[in-house]
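Below you'll find the structure, written out as structure tokens, and then a few comments.
Sequence lines set the chain letters: A, B, ... in the order given, protein chains first and strands last, and positions in each chain run from 1.
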Amino acid sequence: MNFDLKTLAKGAAWLALFAAAPAFAQEAAAVASAAVDAAPVVADAVAAAAPVVAEAAAPTPDKGDTAFMMIATVLVLMMILPGLQLFYGGLTRSKNMLSTMTQIGAATCFAMLIWVVYGYTMAFGPDASDAMKPFISNFDKMFLAGVTPDSTAATFTKDVVIPEYVFIAFQMTFAAITVSLVLGSVVERIKFSAVMVFTLVWLTIVYFPIAHMVWAAGGLFFEMGALDFAGGTVVHINAGVSALVAAIILGKRIGFPKEAMAPHSLTLTMVGTGLLWVGWFGFNAGSALEANGSAALAMINTFVATASAALFWMLAERLAGHKPSSLGLASGIIAGLVAVTPAAGNSGPFGAIVLGAVAAMVCYAAVAYLKPKLGYDDSLDAFGIHGIGGMVGAIGTGVVYSPALGGPGPADYDMGAKLLVQFQAVGTTIVWAAVGTVIAIYIAKALTGLRVTPEVEREGLDLGEHGERAYNN
Amino acid sequence: MNFDLKTLAKGAAWLALFAAAPAFAQEAAAVASAAVDAAPVVADAVAAAAPVVAEAAAPTPDKGDTAFMMIATVLVLMMILPGLQLFYGGLTRSKNMLSTMTQIGAATCFAMLIWVVYGYTMAFGPDASDAMKPFISNFDKMFLAGVTPDSTAATFTKDVVIPEYVFIAFQMTFAAITVSLVLGSVVERIKFSAVMVFTLVWLTIVYFPIAHMVWAAGGLFFEMGALDFAGGTVVHINAGVSALVAAIILGKRIGFPKEAMAPHSLTLTMVGTGLLWVGWFGFNAGSALEANGSAALAMINTFVATASAALFWMLAERLAGHKPSSLGLASGIIAGLVAVTPAAGNSGPFGAIVLGAVAAMVCYAAVAYLKPKLGYDDSLDAFGIHGIGGMVGAIGTGVVYSPALGGPGPADYDMGAKLLVQFQAVGTTIVWAAVGTVIAIYIAKALTGLRVTPEVEREGLDLGEHGERAYNN
Amino acid sequence: MNFDLKTLAKGAAWLALFAAAPAFAQEAAAVASAAVDAAPVVADAVAAAAPVVAEAAAPTPDKGDTAFMMIATVLVLMMILPGLQLFYGGLTRSKNMLSTMTQIGAATCFAMLIWVVYGYTMAFGPDASDAMKPFISNFDKMFLAGVTPDSTAATFTKDVVIPEYVFIAFQMTFAAITVSLVLGSVVERIKFSAVMVFTLVWLTIVYFPIAHMVWAAGGLFFEMGALDFAGGTVVHINAGVSALVAAIILGKRIGFPKEAMAPHSLTLTMVGTGLLWVGWFGFNAGSALEANGSAALAMINTFVATASAALFWMLAERLAGHKPSSLGLASGIIAGLVAVTPAAGNSGPFGAIVLGAVAAMVCYAAVAYLKPKLGYDDSLDAFGIHGIGGMVGAIGTGVVYSPALGGPGPADYDMGAKLLVQFQAVGTTIVWAAVGTVIAIYIAKALTGLRVTPEVEREGLDLGEHGERAYNN
Amino acid sequence: MKLVIAVIKPFKLDDVREALSAAGVQGMTVSEVKGFGRQKGQTEIYRGAEYTTHMVPKIKIEVVVEDGQAAQVVETIQQAAHTGSIGDGKIFVADIGQAVRIRTGETNETAL
Amino acid sequence: MKLVIAVIKPFKLDDVREALSAAGVQGMTVSEVKGFGRQKGQTEIYRGAEYTTHMVPKIKIEVVVEDGQAAQVVETIQQAAHTGSIGDGKIFVADIGQAVRIRTGETNETAL
Amino acid sequence: MKLVIAVIKPFKLDDVREALSAAGVQGMTVSEVKGFGRQKGQTEIYRGAEYTTHMVPKIKIEVVVEDGQAAQVVETIQQAAHTGSIGDGKIFVADIGQAVRIRTGETNETAL
Ligand SMILES: Nc1ncnc2c1ncn2[C@@H]1O[C@H](COP(=O)(O)OP(=O)(O)O)[C@@H](O)[C@H]1O
Ligand SMILES: Nc1ncnc2c1ncn2[C@@H]1O[C@H](COP(=O)(O)OP(=O)(O)O)[C@@H](O)[C@H]1O
Ligand SMILES: Nc1ncnc2c1ncn2[C@@H]1O[C@H](COP(=O)(O)OP(=O)(O)O)[C@@H](O)[C@H]1O
């Protein structure tokens, strides 16, 4: 019911917006396309970060970079559809398979539209007032006003740029996957309509600001010099913490933990794992914004940290007296990918291997021991793996960055100071995400009721919410 | 039975051809590699379109473009295997899963061989006589005669070229996916042997000519200045209309529409949908033939138009009083991709969003209301989505191209005139495709009997046609 | 049990190694990054092969090449996870699905770690003593000592280089997929722990040396001028022969061949086939190490040889009096890909088509007639397709390379001489692989017992070895 | 009461169900089974390995009816499931001593 | 001996199994079935095509018990499987003339 | 006639089928079931969450035979399905009052 109205509203709203858009664009056309800034990493990249006004003498994109970033963007989409859909979906019961895939798919689509309407400008638009600047940009680029095929975005190298549309698309996929990750803790019981409302609110008050803080020049963490190569804070800690809060507010699934809720298809979960790993190279290496040595470093780290985490998770299972499992392999792969995300271009290969091993061990403990003890129902362990793994990665990055450990840090690297910064960034993110999620979830509850009826939950959300079965003859 | 003989014949034929090939190649070796033309878009690209004879001073490919186009080509293959196989296969009943996947796979393989033997030269070979020129090129490049690793193909930018082998491979995947799309309306009852014969004839008399008309300098629509960035006419209208005609001639599946024919795995259909979306970036952005701003524009449009269509299809379901479904999401995604194909580089992001929304609504109506009313059995709605969506896209492109709507059209853009051209192109394609399909299907019928026996249809084509079961223990 | 201890040991070992690594790195930092050599192809590439010491005037990578090679590397990973996992897994019985996927996944992860620790330096490190040189490099690059984001690796073109990290990652995926391929003959009965031990030993004594022999300047086959564009010998003959030997030592599955052991999901096998084909372009075209015409040639050959093999396998089925099957299509695709691997950049498109057709026919005969006759149990036909197909490809490459057949060989190409070389390379590889596998398997047997108990085998390795079921409700 | 067990060809299920409803049967329980009998299974070939499954997919219908109704139910099923080709299946009838409707606790005839 | 056949709602299986164990039943055999009856199936819609499945997923439990135990077993099942809403299912009781434990060859009561 | 119901270990199906054919049985109906009994199910662990399924996969064979043949059929199954380890399964025998071959309408013994 709710969905009905809301969707209608939404539909109308958009149509209105879109009608308005061109007008906007026209006015704005005058404005020179200001190159955006996206430096994910180190403070001294700020130089490159200064907006460069496009002009005759403006640098033009290298086609190698453009090609690389376009493919990287596509790879991140593959992480979501079908990657995450399969990874998460395989872990649910078959009666909720479609609901899980549909919630992820629809949230992703919605996030994309929100992104081009006002998300991009909030995160990477022109500078806002000094008061707002640390938290968001201004709204001058709503509807991508003024962006043309010739506009460019800065990279971390002076005078090296990429087409702004590519940068917009690349960052768009980050917003989409982050909100999708949150859903892992609430599937099998949250209403589809609630997911749509949550997506809208959560992106607006949690994701866009944090993305700005970490990656935009002037952003809070960015100015603090926090290390986050590909988004460990913005994406994983953010999603993980939000998932935990959402799961707690939503409550447990009927029958949890008494009833067996075995994954309906670990086969599909393994497929999703593979696609996530494959796509993650777009995510991590692509965050270099150039096809260069830094991307290459991020790539090899994304191989070895992951491989290490996968084997160490299975090792942890053995140490716990169990059999090494396929789900252990898959979970380790994801934990490793999560942990190496902030460290991708900020570590040497062996630092990355150790980071992956530690993340796997810690996440295993969180999922196998902490969760049962605390008793919350994080259906697919979005917090246990993305939240915890993200924190291990964020802090660990401060360690492996050290040249003494083979990292790319400067010779005079001050680990203590950097760790402090990392902790501050992590802490702030945790608080911000938690508060924002509480707000977003309660708004969704007010508008949609949030949770399906026990009958629907028992019969499965596929039939109850979507009128379909995942499998027939 | 039929297949036996025919395949044998085919086998023999090829071997003969291949034996002949090198000889061919040798003779032709003398011929300078004429750069081919592939301008998908606007008339004023004709400049770039003029064949450039390779010589010392000839432009050499930019490695960024080459890298991009090679990956784009690979992405289009992924759309077919496994993308389309899963999207279509998941919608069939389990007893016909392998048959659906095999028909697509074998038609694709066959199309590739036909393409290098004479398809490429028919569509993009050297100019034919003035009389033939609007419809096909000449046959001088049969067996890719004269093409070497150093031959190049022109792009839309003067003096920018890519290796001809890459252009050949890229276009080859288009031929393969188009014929595969047609099969969506006839699966679950057409003979495998009939599919092979149909592929041969249909590509020859329908696809190659239309590809030439749209994309080759001198081609009918190309000279008319029809807008078709990535092949909305050639691929989707063409496939959709052919699918409709084929389905009508073939007749309904036993038990349609009385018996329930629920998709056997919407899970796999969702996976296919994701892979199709991912691969479609190779299809749309790749059609720019360069890693440049135009490709970037095509990319962002391929994101937002699709996202919009997916949500609006689900909205349409709500408006119709149903639950928003996962198949709705998937269908909307495909409808959006189809509609944005001709508009990819010819629209602004918000024009694309509106285009996607409209396409979703119209396709939903076609599938949910028009089809039942007319009563034909288009098994997987190849016409309802590719045909209708393609038409909405082709016409819509004439609208969103307007700078007044944020499109890249010239300031003095004459929408009325362009729309007329679009309508002509669409109309001609519809007629050509319909007539050609009638011929192709009846030839297939004469040679193979076209349709499986009722026993085989009832038991399933997997066992009856291929002697296999898709699922065992 | 065994696994427990061994894993622990392994865990400890690594941690030790990794601790040591940075130290290593530091020392080595002084060493100039010697560009590695990877010439897969012809003797006259040796020029390019000479180590180039990095210096001010050193060439810098073209971003187009870097972008291409990074994506190519990712594509090869996709061949393994999820490609090969699905292709192989779909062919097993459902009770062994996870075990098959997990063995491949874990072996791949382990191979990656081994590669960066000492595999890379063994295969592509600095020259060893003249006595060792033909077989392995020296160990100076253990732990990738001295490699930085700025180090580069040579290509086949003078002064064209790519980042060394990219080359390392690209080659790493080759090692991982090769050992995974071997598993195809032993799944459904080999212990997980045995797979891990086998991986360690086999890579060390079989893969690294053969990779060096074929691809490194100074390598035995390389100096002989053996043609192997993308690794037909190193990867496929090597894996195929090892698989056969391993299967024979391990013995047949309980109930083979009496009991029906139908593939549990040909659907997934088809999906894996598609992903393997898609990824194989990274494998074959990527082996050009540049985004150039040679890569383009490799790409088009990887399309047409495969298409031809797929159709000719189905034709072979017809000739044998059976129905053309989906598994036939899939098997033909793989056989074609295997056969074209060494020929990718060494053949014209029509030579490739013939090569694919021949490979399909021969592999079909091997699988359908030879195997039953000899009576060994190569569960998934790793030998029948990779071994036999690899040999057809290696020998065939010597034929299709000839300019007289449209190949890129020199005008004065001496086919007889080259064929002799090819035979020598193939023969040596067969012997080396066979002997090495015997050693590796018996070590695994000594340490782990090699084979699961009859109870576990009957109940399925998923439950018995991993404590999971692939499919639940 | 009688328990009528019918093993039929899968594609006949709808016809049988409709025929039974028409004949006034209120409920039935259906399961997917594999049948072994005169009808031989399909041959499947995977890479030259030939498997002839002796088992053919069938549908088993179990319906409990009043004694008086049994004959007519058997009759109805036999007609609706009949194709005349081998493998049409069987109908078996057994005695049921007691029936209970879980929802209401009603027993025997009233429970059907 | 008696064969007690119960058709119940799937999510009630655990409750029933536990109740029966508590009641001293040592074993049972369970199968997934589809039920046709008063309870109507869900409507599914695929691209506007509407399917109302008449068949509802159910679980069939078969348990063989001594004659004396039958009444109590029926009772137990009826209570454990009861929700009061349409579709709760049925319980049927039939006679079993002989029982054998394959492992030991024991027969009848001792075989259960 | 008698309905012989046997619940056996899945991997024993082929042996039993062959033994029955050898013993002259013309047909049977087989279904996949889950068994609950002395034999305990496997323990599965997913991310530390442990599930012990009480249900073990089994195969149920139903074969209707002439009264005279029943004893021998039970005997045959018991031997063919026997492994001696827990979980071998059970055989139950019930009466069948009537049998019909759908294809021909033949009844009782002639219908088997
Ligand atoms: N004696 C039997 N007991 C139980 N089921 C049987 C028996 N004989 C046949 N059936 C079932 O009936 C089905 C059809 O029997 P079959 O001999 O193949 O053809 P027909 O019914 O035409 O004689 C079989 O597949 C099997 O499921
Ligand atoms: N006459 C019957 N014979 C066999 N099974 C029956 C019969 N009637 C009902 N059933 C089974 O019992 C289930 C529940 O019956 P239904 O009429 O839907 O609800 P209720 O048990 O509340 O009356 C049905 O789904 C079917 O499986
Ligand atoms: N009382 C019973 N009624 C119906 N089926 C039973 C009964 N007892 C056991 N079974 C079936 O027999 C199977 C084997 O029984 P179980 O007690 O595990 O071993 P055993 O047969 O060796 O005593 C069970 O899995 C169940 O399917």
Exercise for the section: Heavy-atom distances under 4.5 Å only: say whether Val7(E) touches chain D with side chain, backbone, both or neither. Expected result: both
Handout entry: When Val30(D), Thr104(D), Thr107(D) are compared by non-hydrogen pairs under 4.5 Å with chain E, the top option
Key = Val30(D)
Handout entry: chain D contact via Thr83(E) - which portion, at a heavy-atom distance below 4.5 Å
Key = neither
Handout entry: Salt bridge flag under 4.0 Å for residues Lys34(E) and Glu32(D)
Key = no
Practice task
Sort Ile86(E) into side chain, backbone, both or neither according to what part of it lies under 4.5 angstrom from a heavy atom of chain D.
Solution key: both
Exercise for the section: Go through Ala81(E), Ala94(E), Ser85(E), Ser31(E) and name the one with the most non-hydrogen pairs under 4.5 angstrom from chain D. Expected result: Ser85(E)
Practice task
Please tell me if the side chains of Ile91(E) and Ile102(D) come closer than 4.5 Å, counting only heavy atoms from C-beta onward.
Solution key: yes
Fill in the blank from the handout: residues 87-100 of chain D vs salt bridge (Lys or Arg N to Asp or Glu O under 4.0 Å), sequence neighbours excluded, gives Lys2(D)-Asp95(D), Lys9(D)-Asp88(D)
Problem - CA sep, side-chain torsions, deciding dist, call: Arg17(D), Phe36(E), side chain to side chain contact (heavy atoms under 4.5 Å, CB included) - result: CA-CA 9 Å; Arg17(D) 202 200 66 245; Phe36(E) 171 73; 3.6 Å; yes
Handout entry: Top contributor to chain E contacts, counting heavy-atom pairs under 4.5 Å, from Met1(D), Glu106(D), Gln98(D)
Key = Gln98(D)
Practice task
Name, in order of residue number, those residues of residues 42-55 of chain D that have a heavy atom at a distance of less than 4.5 Å from a heavy atom in chain E; otherwise write 'none'.
Solution key: none
Handout entry: Taking every non-hydrogen atom, the tightest pair across Val100(D) and Gln78(E)
Key = CG1-CG, 3.9 Å
Practice task
Check each atom of Val64(D) against the heavy atoms of chain E and say whether the ones under 4.5 Å are side chain, backbone, both or neither.
Solution key: side chain
Handout entry: Part of Leu20(D) lying under 4.5 Å from any heavy atom of chain E
Key = neither
